[in-house]
Participant: 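Can you read through this structure? Questions will come right after.
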Protein chains: 2
Amino acid sequence: MGTIAKALQLLTHFSTDLPEIGLSQFVQLTGEDKATLHRRLGELKACGFLDQDAASRAYRLGPAISRLEIVKETTFPARRAAMEVLRKLNSQVSETVHVSVIQGDQGLSTLAHIDDPSHGIRVYMDTNELLPFHATASGLAVLAFFEKERVDKILKLGLPKFTEDTQTNAARIRNLLIDFRKEGFARSKGGFETDVVGLAMPLFDSRNACAGAVAIAAPSSRMDNKRVQSVLPLLQQAANDVTASWSGRAS
Amino acid sequence: MGTIAKALQLLTHFSTDLPEIGLSQFVQLTGEDKATLHRRLGELKACGFLDQDAASRAYRLGPAISRLEIVKETTFPARRAAMEVLRKLNSQVSETVHVSVIQGDQGLSTLAHIDDPSHGIRVYMDTNELLPFHATASGLAVLAFFEKERVDKILKLGLPKFTEDTQTNAARIRNLLIDFRKEGFARSKGGFETDVVGLAMPLFDSRNACAGAVAIAAPSSRMDNKRVQSVLPLLQQAANDVTASWSGRAS
DNA sequence: AACAGTAGGTTCATATAATGAACCAACTAA
DNA sequence: TTAGTTGGTTCATTATATGAACCTACTGTT
C-alpha cells in the first residue's frame, strides 16, 4: 500500500459515532507510529480534508469534503439518481425504501430514503443511525458479497443484540450469507427493529466492489413469502438501475 | 509538498465545468509525469475517492466523498449551520442571501441559499452555477483576503465579461480589493447579473484561511448607500456566526 | 496497408520522500 | 514529586515515489 492510500485510510476511521479523533487515538486505532501519523494528518489538514479543533487539537473532517461532494452531486448526482430509483420502487411496492452505502467496517449509512406515505402502519427511518451489518437486510446483503477476510473482521467486531430476534451467532450468520449470495438478495426479520421485515440487494461501484444496498422495509404483517416473491423482481430492477447510474455498468 | 498533498491536489481539478478528467488531461493540467499521475490516480481510485469510467477510462469523483460528507454533515452540520444563519439574516434584511465556498481557482460554489420570498422583484439564484471571483461580491470578498500570488494567478486565468458592468481590468480589480480588505466587506453592482447589487463578507475556517463568503443579493433599486449601511452590521453578524459554527473561532 | 497521432498503461534504475525510536513540552491526577 | 497523559519534533535510516523510455490499442489520414 502506498503512502497516499495509507493517508486516505485514516479518513475511514471517522464515523457518526466517532466524528473527532486525536493523535493518540489514531495511534491506538492504526498501530502506526505517532510521528508518521502526525505528518499524514498534517498533510490532510493542509489540503482541507481535515480540520483541527483549536482547543482540543482533535481532528475532524474538513471543508474540502463538502466542496468535492457538491461537485460530485452537481455533475454525477448519485444521491439524486438513487432518489429517482427509490421513487419508482416506492410507487411500485408502497413500502419504505432506502439506498445505503458502506461506511468502513461500522455499517451502512443511508444515502437516500423514502418513508412510504400510503399506509397507516409503516416503517420510519432514522437517517442518522448506522445500519449494522449483522442485523439488517442491507448489511447482510453487502456482507454476502465481501471477501471472507473482511466478513471475519466485521463479525469479530461484535454482534450487538438490538431485539429478541437479532441473530448473534457468527456461524449461523455465515450460513445465511452463503444462501444470500446464491439467491442474490438478503432478508431479515425483526433483527434491528421489531416486526420489520427487510429485503435488500447489493449495489456495486465501477470497480465491481460492493458499495451498498437498496432495500425495502415493511411491517412483517404485510410481507409474507408470496409478497416477497412479487416484489423481488422490482427490487432487482431498482438495484440494476442504481448500479447503472453509479457506474455505467448494469449487473 | 509531500506525496499525500500532491495526490489530493489532483482532486481540486474537478469542477462542475470539468467533472471527468483523463490521464493525458491530467498531464496537461499538472505538467507532471504520466507514470506518476497514473499511480496517484490509481491509489485515489483504490480508496474510492475516484471512479473510473469503464469505457472512456476517464476519472471522476468517487463514492468515498459522499460517505465522508454524510459523516461530516451528520456530526458537524456546516451546511445546516450556514442555513440557520441565513434564515436569521434573511428575516432581518428580506433579500436573497447565500453562503458560498471556494472551489479551487475556479470560483465559489453555493453551499446554502435562501431566495427571499417577500418581494415581487427578487434575485433568483442558480445554485449549480459557479460564482466567478472577479464579477461577484462574494468572489471579491475572498480575493481581498487571499495572498497576492493567488490573486495574481486567478486574475490571469481570464476575466470574462458577463454584463455591461463586469469589471475586466485587473489593475482596477486589485485597487478594489485593497478597499474591500480595509473595509472588511466587498460590493458589486451588476457585474454578474444586471441590476443586482451584492454585498459580501469573507468566512474563515479553523486554519484562519478564507474559505468562502456570506452575501446579500438585492435588486439595485432596493440597495442604495443608506440601506447598505443599515444591513452591513447584520451581514457582519451573519459572517461571525457562520465562522464561529465552522471553526469555533469568531472573527 | 502503412502512417502518424492520440489515448491509457507499464518497467526499472535512480533519487527523493516517508519512517520511527528517542526526544520535548505541557497538562492532569495521585 | 512522580507517573501518566496529551500533542508535537528531530534526524539517521530505509522504503517509497519518480520519470524516461517503452508497450499496446485505437483513431483518422494518406
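So you know, we letter chains A, B, ... as the sequences are listed, proteins then strands, and number each from 1.
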Participant: Do B/E20 and B/R60 meet the salt-bridge criterion of a basic N to acidic O distance under 4.0 Å?
Facilitator: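 A salt bridge links B/R60 with B/E20.
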
Participant: Taking the six-membered ring for Trp and the full ring for Phe, Tyr or His, determine whether the centres of B/F14 and B/Y59 are under 6.0 Å apart.
Facilitator: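 Not close enough - the centres of the two rings lie 6.0 Å or further apart.
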
Participant: To the nearest angstrom, how far is B/I4 atom CD1 from C/dT16 atom C1'?
Facilitator: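 After rounding, the gap between these two atoms is 15 Å.
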
Participant: Assign B/R40 to base, sugar-phosphate, or nothing according to its heavy-atom contacts below 4.0 angstrom with the strands shown.
Facilitator: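 Since only primed, P, OP1 and OP2 atoms lie under 4.0 Å of B/R40, the category is sugar-phosphate.
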
Participant: Hey, is the side chain of B/H38 poking within less than 4.0 Å of OP1 or OP2 on C/dG8, counting only N and O atoms?
Facilitator: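 Answer no for this pair, as no side-chain N or O of B/H38 is under 4.0 Å from OP1 or OP2.
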
Participant: By nearest heavy atom, map B/Q25 and A/E32 onto DNA chain C; which one lands nearer the 5' end?
Facilitator: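 It is B/Q25 whose nearest nucleotide is closer to the 5' end.
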
Participant: Atom CG of A/D33 and atom C1' of C/dA17: how far apart are they, to the nearest Å?
Facilitator: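 The answer, rounded to whole Å, is 16 Å.
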
Participant: Looking at the base of D/dG19, is there any donor atom on it, or on the side chain of B/K34, that sits under 3.5 Å from an acceptor on the other one?
Facilitator: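 No pair found.
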
Participant: Output the rounded distance in Å from CG (B/L44) to C1' (D/dA17).
Facilitator: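 Between C1' of D/dA17 and CG of B/L44: 14 Å.
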
Participant: Within this structure, what is the CE-to-P distance between B/M1 and C/dT16, rounded to whole angstrom?
Facilitator: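 To the nearest whole Å, that distance equals 16 Å.
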
Participant: Does C/dA17 have OP1 or OP2 sitting under 4.0 Å from an N or O in the side chain of A/T3?
Facilitator: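 No, no such contact exists.
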
Participant: Looking at B/R57, does any N or O in its side chain come under 4.0 Å of the phosphate oxygens OP1/OP2 on C/dG9?
Facilitator: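 So the side chain of B/R57 is within the cut-off, an N or O lying under 4.0 Å from OP1 or OP2 of C/dG9.
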
Participant: Could you state the atom-to-atom distance from CG of A/L41 to P of D/dG8 in whole Å?
Facilitator: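 Spelled out: CG on A/L41 to P on D/dG8 is 9 Å.
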
Participant: For A/F185, give me all partners under ring-ring contact (aromatic ring centres under 6.0 Å, His included), at least two apart in sequence or on another chain.
Facilitator: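 A/F185 satisfies ring-ring contact (aromatic ring centres under 6.0 Å, His included) with no other residue.
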
Participant: Identify whether any heavy atom of A/Y59 sits under 4.0 Å from a base atom; if not, whether one sits that close to sugar-phosphate; answer base, sugar-phosphate or nothing.
Facilitator: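 Result for A/Y59 = sugar-phosphate.
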
Participant: For A/I21 and for A/K6, locate the closest nucleotide of DNA chain D by heavy-atom distance; then report the residue assigned to the nucleotide nearer the 5' terminus.
Facilitator: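 Result: A/I21.
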
Participant: In this structure, how many angstroms lie between the P atom of D/dA17 and the CZ atom of A/R39, rounded?
Facilitator: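 Computing the A/R39:CZ to D/dA17:P distance gives 13 Å.
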
Participant: Within the 4.0 Å heavy-atom criterion, would you say B/T36 contacts the bases, only the backbone, or no part of the nucleic acid?
Facilitator: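 Here B/T36 touches the bases of the nucleic acid.
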
Participant: Any idea which of D/dT10, C/dA7, C/dT10 is nearest the B/S24 side chain?
Facilitator: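 Closest nucleotide among those given: C/dA7.
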
Participant: In whole angstrom, give the distance that lies between atom CG of B/L23 and atom P of C/dT6.
Facilitator: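 Taking atom P of C/dT6 as the reference, CG of B/L23 is at 15 Å.
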
Participant: Should the pair A/E32-A/R40 be classified as a salt bridge under the 4.0 Å nitrogen-to-oxygen rule?
Facilitator: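 Yes, charged N to carboxylate O under 4.0 Å.
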
Participant: Ignoring backbone atoms, test whether B/Q52 places a side-chain nitrogen or oxygen under 4.0 Å from the OP1 or OP2 oxygen of C/dG9.
Facilitator: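 Checking C/dG9 against B/Q52, a side-chain N or O does come within under 4.0 Å of OP1 or OP2.
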
Participant: Once you round it to whole Å, what is the distance between C1' of C/dG9 and CG of B/L37?
Facilitator: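 Roughly 13 Å, once rounded to whole Å.
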
Participant: Could you tell me if A/H38 and A/T36 have a donor-acceptor pair between their side chains, going purely by distance under 3.5 Å?
Facilitator: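 No, because no side-chain N or O of A/T36 sits under 3.5 Å from a partner of the opposite role on A/H38.
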
